[in-house]
Amino acid sequence: MQDKKVNHIAIIMDGNGRWASNQNQERTYGHKYGVQAVKEAIKGSIENEVRYLTLYAFSTENWKRPQEEVDFLMNLLVEAINQELEELHANNVKVHTIGKIEALSPLSQQHIALAKEKTKENTKLNLILALNYGSRDELVEAAKKFAQDCEMGMMKSSDLDESKLERYLYTAEFPDPDILIRTSNEKRISNFLLWQISYTELIFIEKLWPEFTKSDIKEAILEFQMRHRRFGGIKSI
Ligand code: FPP
């Protein structure tokens, strides 16, 4: 019997800019509405008893955007955390981050630290925000940390196997995603969780991110349940 429970959903939130330009608005208008969609994804995850939700909020490549848009996204993050923290906490959501948050502004880091501290005992949903995250960067950092442990005599190169390497990733404490959703009908992974999605079911949906609702979480789960996951083996029935 296969386990059809969905424990972890990861999302590449894409299409904010196109959604805004479809309405003759600035790209930042789309990011603003993207926060509503984030709330929908959280609601949908809680209602469907998903334990982990990972959102690709800012990639290592997003710094290449115009400075004005980068600043807007950073402020939006602080604003969203401020506005939603009480509700997240009331809903028993625990906030985590993956990525190099030490490169974010001191203010962003301060608000992130506050959100983590306030929600650290929560147990219903783990909300993992990927911020200044890139999968290749994560793997390079993991290799460096492993090499340092070898230099200090805490590890030997012959010790390394898959499960030991995983301990050096940002995601060490989380299970791999069951489902990866990308909105806006783009069929790319864009440097997101490359190691962790080896056996993840990929779901590409046409909607642009601000149009995403909690029922898209339910639909993704139903789609997942219809697929047969074999993990490289053969069908069990
Ligand atoms: C992709 O759309 C979206 C982003 C790079 C940013 C995602 C941020 C949010 C949804 C808002 C804040 C998030 C949190 C967690 C509070 P795009 O700009 O690449 O759209 P396009 O492909 O149409 O240009």
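Keep in mind that the numbers below use all heavy atoms, side chains included, and drop hydrogens, waters and symmetry copies. The structure presented is a predicted model; accordingly, all values stated were derived computationally and were not measured. Order of appearance sets the numbers: ligands from 1, and atoms from 1 within every ligand.
Other residues, nucleotides and ligands contribute at most 12 non-hydrogen atoms within 6.0 Å of the CD atom of Glu87. The number of heavy atoms from other shown groups lying within 6.0 Å of CD (Gln23) is above 12. Applying the 6.0 Å contact sphere to CD of Glu223 captures more than 12 heavy atoms from other residues, nucleotides or ligands. By the neighbour-count criterion of 12 heavy atoms within 6.0 Å, atom CD of Glu61 is densely surrounded, having more than that number from other residues, nucleotides or ligands. Heavy atoms of other residues, nucleotides or ligands lying less than 6.0 angstrom from NZ of Lys207 number more than 12.
Considering backbone and side-chain N/O atoms, Tyr56 never comes within less than 3.5 Å of an N/O atom of ligand 1. At a 3.5 angstrom cut-off on N or O pairs, Asn16 counts as close to ligand 1. In terms of N/O distances under 3.5 Å, ligand 1 is approached by Arg65.
Here is the list of ligand 1 atoms found below 4.0 Å of a heavy atom in His31: 11 (C), 18 (O). Near Leu129, the atoms of ligand 1 lying under 4.0 angstrom from a non-hydrogen atom of the residue are 15 (C). Counting the atoms of ligand 1 from 1 in the order shown, those under 4.0 Å from a heavy atom of Arg18 are 21 (P), 22 (O), 23 (O). Each of the following atoms of ligand 1 lies closer than 4.0 Å to a heavy atom of Asn62: 5 (C).
Considering only non-hydrogen protein atoms, atom 7 (C) of ligand 1 sits nearest to Ala57 O, 3.7 Å. For atom 13 (C) of ligand 1, the closest non-hydrogen atom of the protein is Val38 CG2, 4.1 Å. In terms of protein heavy-atom proximity, atom 1 (C) of ligand 1 is closest to Met13 O, 3.0 Å.
Close to ligand 1: Arg27, with a non-hydrogen atom less than 4.0 angstrom away. Ligand 1 does not have Leu55 within reach: every non-hydrogen atom of the residue lies 4.0 Å or more from it.
Here Glu186 pairs with Arg18 in a salt bridge; the nearest charged N to carboxylate O distance falls below 4.0 Å.
Counting only non-hydrogen atoms, the option in Ser190, Gly30, Ala80, Pro210 that gets closest to atom 16 (C) of ligand 1 is Ala80. Scanning Phe212, Tyr33, Trp209 for the heavy atom closest to atom 10 (C) of ligand 1 points to Trp209.
In this structure, Tyr56 and Tyr133 have perpendicular ring planes: the angle between them is above 60°, well past the 30° mark. Ring geometry for His8 against Tyr52 counts as tilted: the plane angle lies between 30° and 60°, on a 0 to 90° scale.
No close placement of the Tyr33 and Trp209 rings is indicated, their centers lying 6.0 Å or farther apart.
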